[in-house]
There are 2 protein chains.
Amino acid sequence: MLWRKEWVMKNNLRVQRAIKNITQAELADLIQVSRQTINTIESGKYVPSTVLALKMARVFNVRVEEIFDLEEGD
Amino acid sequence: MLWRKEWVMKNNLRVQRAIKNITQAELADLIQVSRQTINTIESGKYVPSTVLALKMARVFNVRVEEIFDLEEGD
DNA sequence: CTTTAATGTCAATTTTGCTTTACATTTGTT
DNA sequence: AACAAATGTAAAGCAAAATTGACATTAAAG
C-alpha cells in the first residue's frame, strides 16, 4: 500500500492577536480583508492565501511558520 | 489622501528547484499538486494557498519568506 | 540531427477563498 | 440588568486557485 500523507493546517491567530491585543476587525483592517475572513481563517474553516499569511506574519512580526503549522491528519 | 498599500508577491521557486535540482513535475509530486499548478505559481500567474507554501518550504528546507516575498507595487 | 525530458500554455471545469449583508451569541462594562 | 463591543455563523455570489487533458516549444543528451 502506498501512502500519501494528509495534512491539516492549524493556526494560532487567537494567541497572536491576544499578544498584540487587537480584535479580529482590527486585524482585518490591517491586512485589508473582511472581518469574516479573519474569523473563518481563525476557526480553521479555510486556508488563506500565501499573501494573507505573509501579511499576518508582518503584522505580528513573526515567521509564517510561527502562525501556521502543518500537522499530520486528515 | 489616504493610501492603502498594494502588494505583489514574488517567488524564487526556480532558484530553489535549481538548488535541489528537481523538476516542476517532481516538485508537484512531492507536494501533491499538478505540474501546471507549479508552473503557474512559478510564473507568478497566481498566488498559492498557505498550505502549498508551507509544503514547499519544507521540501526546500527554508522559511516561507525565503521563497515568497511581498513587495510594494500594484 | 533526432529523440526525449522539461517547460510553457490554452481551454474547460471544479473547488475554494473571500466578499457582502445580515443576524445571533458571547463577553465585557457600567 | 442593560448596553455595547467582540465574536460566531450562514447564505449568496464572484473571483481566484487548482485540476485535467492536450498540444506546442525549448532544453538537453545521445
Side-chain angles (χ1 to χ4, degrees), chain A residues 2-60 64-74, chain B residues 2-60 64-74:
Chain A
L2 194 59
W3 279 104
R4 45 173 46 204
K5 284 197 182 177
E6 294 292 336
W7 298 98
V8 280
M9 197 185 73
K10 297 202 171 175
N11 74 80
N12 67 348
L13 283 174
R14 310 194 78 82
V15 175
Q16 299 291 343
R17 282 198 304 107
I19 292 171
K20 282 255 173 187
N21 195 35
I22 61 177
T23 68
Q24 293 183 344
E26 286 167 339
L27 176 56
D29 208 55
L30 282 170
I31 68 174
Q32 296 160 193
V33 292
S34 70
R35 183 181 65 82
Q36 288 78 353
T37 295
I38 300 298
N39 188 281
T40 50
I41 290 171
E42 196 165 303
S43 62
K45 285 196 186 131
Y46 63 75
V47 172
S49 74
T50 301
V51 168
L52 294 196
L54 290 170
K55 283 182 171 183
M56 289 181 183
R58 279 196 186 187
V59 166
F60 296 125
V64 170
E65 286 87 347
E66 290 178 61
I67 307 176
F68 299 97
D69 186 43
L70 281 183
E71 296 183 5
E72 211 158 340
D74 54 351
Chain B
L2 194 59
W3 280 104
R4 44 176 45 208
K5 287 197 181 177
E6 295 293 336
W7 299 98
V8 280
M9 196 184 73
K10 297 201 172 176
N11 74 80
N12 67 348
L13 283 174
R14 309 194 77 82
V15 174
Q16 298 292 340
R17 281 198 305 107
I19 292 170
K20 282 256 173 186
N21 194 35
I22 61 177
T23 68
Q24 293 183 343
E26 286 167 340
L27 176 55
D29 208 56
L30 283 169
I31 68 174
Q32 296 159 194
V33 293
S34 68
R35 183 180 65 80
Q36 288 80 349
T37 294
I38 301 298
N39 188 281
T40 50
I41 291 171
E42 197 165 302
S43 60
K45 285 195 187 133
Y46 62 74
V47 173
S49 76
T50 300
V51 167
L52 295 195
L54 289 170
K55 283 182 171 182
M56 289 182 184
R58 278 196 185 185
V59 166
F60 296 125
V64 170
E65 286 86 347
E66 290 178 60
I67 306 177
F68 299 98
D69 186 43
L70 281 183
E71 297 184 5
E72 211 157 341
D74 55 350

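Chain naming here is simple, since letters A, B, ... match the order of the sequence lines and numbering starts at 1 in each.
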Thr50(A) and Leu52(B): CA distance, side-chain angles, deciding distance, side-chain contact (heavy atoms from CB on, under 4.5 Å) verdict: CA-CA 8 Å; Thr50(A) 301; Leu52(B) 295 195; over 6 Å; no
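- The side-chain hydrogen bond (donor to acceptor under 3.5 Å, both in side chains) check on Ser34(B) picks up Thr37(B), with sequence neighbours excluded.
- By the side chain to side chain contact (heavy atoms under 4.5 Å, CB included) test, Glu66(B) is found to be paired with Val62(B), Arg63(B), residues two or more places apart in sequence or in another chain being considered.
- Listed by first and then second residue, the salt bridge (Lys or Arg N to Asp or Glu O under 4.0 Å) pairs involving residues 31-57 of chain B are Arg14(B)-Glu42(B), Arg17(B)-Glu42(B) (not counting sequence neighbours).
- One can place NZ of Lys55(B) at 12 Å from C1' of dA18(D), the figure rounded to the nearest angstrom.
- By the side-chain hydrogen bond (donor to acceptor under 3.5 Å, both in side chains) test, Asn11(A) is found to be paired with no residue, residues two or more places apart in sequence or in another chain being considered.
- Contact record, Glu65(A) with Leu54(B): CG-CD2, 3.9 Å, taken as the closest heavy-atom pair.
- Annotation: side chain to side chain contact (heavy atoms under 4.5 Å, CB included) contacts of Glu26(B) (sequence neighbours excluded): Ile22(B), Thr23(B).
- For the side-chain hydrogen bond (donor to acceptor under 3.5 Å, both in side chains) test, no residue two or more places apart in sequence or in another chain qualifies with Ser49(A).
- Annotation: side chain to side chain contact (heavy atoms under 4.5 Å, CB included) contacts of Asn12(A) (sequence neighbours excluded): Val15(A), Gln16(A), Ile67(A).
- Counting heavy atoms from C-beta on, the side chains of Phe68(B) and Val51(A) never come closer than 4.5 Å.
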Which atom pairs link the protein and nucleotides 25-29 of chain D when you take only N or O atoms and keep those under 3.5 Å?
none

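- The shortest heavy-atom contact between Val64(A) and Ala53(A) is CG2-O, 4.0 Å.
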Nucleotide-resolved protein contact map, nucleotides 20-30 of chain C, B/S/- at heavy-atom distance under 4.0 Å: BBB--------
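- As rounded to whole Å, 14 Å separates atom P of dA6(D) from atom CZ of Arg14(A).
- Within residues 39-50 of chain B, the residues that place at least one heavy atom under 4.0 Å from DNA chain D are, in residue-number order, Tyr46(B), Val47(B), Pro48(B), Ser49(B).
- Remark: Thr23(A), Gln24(A) in residues 21-31 of chain A come within less than 4.0 Å of DNA chain D through at least one heavy atom.
- Rounded to the nearest 0.5 angstrom, Met56(A) CE and Ile31(A) CD1 are separated by 3.5 Å.
- Judged as a side chain to side chain contact (heavy atoms under 4.5 Å, CB included), and not counting sequence neighbours, the contacts of Glu72(A) are Lys5(A), Trp7(A).
- Across the protein-nucleic acid pair, Leu52(B) atom CG and dA17(D) atom P stand 11 Å apart, rounded to whole Å.
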